[in-house]
Engineer: 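Before we start, here is the structure in question, set down as structure tokens.
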Amino acid sequence: MSKLFPKSANRLPLQIVVYLVVLAGIATAGVTYYMTPKYSRVGYAPVQPVPFSHAKHVQEVGLDCRYCHTNVEKSGHSNVPSSQTCMNCHSIIKADSPLLAPVRESYSNNTPVPWVWIHQTPDYAYFNHAAHVNRGVSCVECHGKVNEMDTVTHSKPLSMAFCLECHRDPAARIRNPGDVFNLNSSRLAEQGEAGVKAAERFKHDWKLMPPQSCSGCHR
């Protein structure tokens, strides 16, 4: 038998065990990382370096989402506003507030405010913001009623099942494109029979056929 198998074959069982342990470790680390609150936990609301109330700025002051998230209609990612955007108002309004010290420091030093990201797409999933908001998908569908939040909270699971529910029936969730950034607006399908027909017409005219295959989101 020694002529059939080289001596190195004696190490093969041990090598297999080692490889399996390493593979299991990598899989465990990956699952643990992507199952952290950053990606999946409804209710995740980290402490930010500057307390920012969307309820105050959007609901009361009336700021449009695009004033701060300027690229949401054009980019695959929704950008976080720079300190320059904040200082457009706060160089006059509450200019000396101690709560805004990190913003003033960021503006003076030309460094970013260390905001803590709340909604993150896992590396293995592809998501394009512009493709969604330009097809009638409002911010509230994925982020909840942000305009009513004093502290932004992860309110939707953003799981694969969550995404597929919308992809399988987009007409049930879309809004009139003009109402996408009106976070108090309602879905077309919730506006009676005329709204349901409008949603189906919009789906047909804009050829809304969200992918349901693996390659649609895992590229």
Side-chain angles (χ1 to χ4, degrees), residues 19-49 52 54 58 65-66 68-82 112-149 151-175 177 179-181 183 185 187-189 199 202-203 206-219:
Y19 291 153
L20 288 176
V21 170
V22 171
L23 181 61
I26 293 174
T28 301
V31 170
T32 300
Y33 178 69
Y34 286 114
M35 291 302 176
T36 60
K38 293 181 181 179
Y39 296 102
S40 62
R41 189 174 72 191
V42 172
Y44 177 58
V47 176
Q48 299 289 355
F52 182 90
H54 277 75
V58 180
C65 306
R66 292 162 290 186
C68 296
H69 304 290
T70 52
N71 293 326
V72 72
E73 294 177 294
K74 299 168 285 186
S75 171
H77 302 280
S78 176
N79 61 301
V80 174
S82 66
V113 176
W115 299 109
V116 179
W117 284 88
I118 301 171
H119 303 89
Q120 297 190 53
T121 304
D123 295 338
Y124 55 76
Y126 172 81
F127 179 85
N128 187 303
H129 259 90
H132 288 74
V133 298
N134 288 320
R135 290 298 185 272
V137 179
S138 175
C139 312
V140 299
E141 293 295 331
C142 297
H143 300 297
K145 296 283 285 184
V146 178
N147 57 315
E148 297 177 357
M149 297 179 185
T151 300
V152 176
T153 303
H154 200 304
S155 65
K156 303 293 181 72
L158 305 185
S159 62
M160 184 170 70
F162 174 85
C163 297
L164 282 173
E165 285 179 5
C166 185
H167 278 215
R168 288 166 178 158
D169 187 15
R173 290 169 174 78
I174 57 175
R175 284 167 170 73
D179 290 334
V180 165
F181 297 103
L183 304 190
S185 65
R187 300 166 174 169
L188 284 171
F202 182 88
K203 176 184 175 181
W206 285 77
K207 298 180 173 59
L208 295 186
M209 294 181 290
Q212 298 180 36
S213 64
C214 301
S215 59
C217 300
H218 304 293
R219 304 182 179 184

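Please read these numbers as outputs of a predicted model, since none were measured by experiment.
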Engineer: Taking the side chain from K203 and the backbone from A172, do they hold a donor-acceptor pair closer than 3.5 Å?
Structural biologist: no

Engineer: Looking only at side-chain N and O atoms, does S155 offer a donor or acceptor that is under 3.5 Å from a partner on T153?
Structural biologist: no

Engineer: When rounded to the nearest 0.5 angstrom, what distance separates CD in Q212 from CG in L164?
Structural biologist: 6.5 Å

Engineer: Atom NE2 in H143, atom SG in C65: separation rounded to 0.5 Å?
Structural biologist: 9.5 Å

Engineer: With a 4.5 Å heavy-atom cut-off, do C217 and F127 have their side chains touching?
Structural biologist: no

Engineer: Can you see which heavy atom on Y44 is nearest to which on W117, and at what distance?
Structural biologist: CE2-O, 4.1 Å

Engineer: For a quick test of reading the model, state the closest non-hydrogen atom pair linking A189 to A171 and the distance between them.
Structural biologist: CB-O, 3.9 Å

Engineer: Check step by step if side chain to side chain contact (heavy atoms under 4.5 Å, CB included) holds for I118 and Q48.
Structural biologist: CA-CA 10 Å; I118 301 171; Q48 299 289 355; 3.7 Å; yes

Engineer: What is the distance from atom NE2 of H129 to atom OG1 of T121, rounded to the nearest 0.5 Å?
Structural biologist: 7.5 Å

Engineer: Parallel, tilted or perpendicular, judged at 30° and 60°: which one describes the rings of H54 and F52?
Structural biologist: perpendicular

Engineer: Are a donor atom and an acceptor atom from the side chains of N79 and T70 found within less than 3.5 Å of each other?
Structural biologist: yes

Engineer: Going by the side chain to side chain contact (heavy atoms under 4.5 Å, CB included) test, name the single residue among P81, P49, S82 that passes it with V113.
Structural biologist: P49

Engineer: Output every pair passing salt bridge (Lys or Arg N to Asp or Glu O under 4.0 Å) with a member in residues 71-82, not counting sequence neighbours, ordered by first then second residue.
Structural biologist: R66-E73

Engineer: How long is the straight-line distance from NE2 of H154 back to CD of Q120, given to the nearest 0.5 Å?
Structural biologist: 9.0 Å

Engineer: If I compare all heavy atoms of H167 with all of P211, which pair ends up nearest, and what's the gap?
Structural biologist: ND1-O, 2.6 Å

Engineer: Output the distance between atom NZ (K145) and atom CG (L183), rounded to the nearest 0.5 Å.
Structural biologist: 6.5 Å

Engineer: Scan R175, H132, R173 and name whichever one has a side-chain hydrogen bond (donor to acceptor under 3.5 Å, both in side chains) with E141.
Structural biologist: R175

Engineer: How close do C139 and F181 get, counting heavy atoms only, and between which atoms?
Structural biologist: SG-CD2, 4.0 Å

Engineer: Between atom CD1 of I174 and atom CG of D169, what is the distance when rounded to the nearest 0.5 Å?
Structural biologist: 9.5 Å

Engineer: Under a 4.5 Å cut-off applied to non-hydrogen side-chain atoms, are L158 and C142 in contact?
Structural biologist: yes

Engineer: Could you tell me if the side chain of V116 sits less than 4.5 Å from the side chain of V47, heavy atoms only?
Structural biologist: no

Engineer: Listed by chain and number, what are the ring pair (Phe, Tyr, Trp, His ring centres under 6.0 Å) partners of F162, not counting sequence neighbours?
Structural biologist: none

Engineer: Is the number of heavy atoms from other residues, nucleotides or ligands under 6.0 Å of H218 NE2 greater than 12?
Structural biologist: yes

Engineer: Work out which heavy atom in G136 is nearest to a heavy atom in F202; give both atom names and the distance.
Structural biologist: N-CZ, 4.4 Å

Engineer: Please tell me if the side chains of H119 and V152 come closer than 4.5 Å, counting only heavy atoms from C-beta onward.
Structural biologist: yes

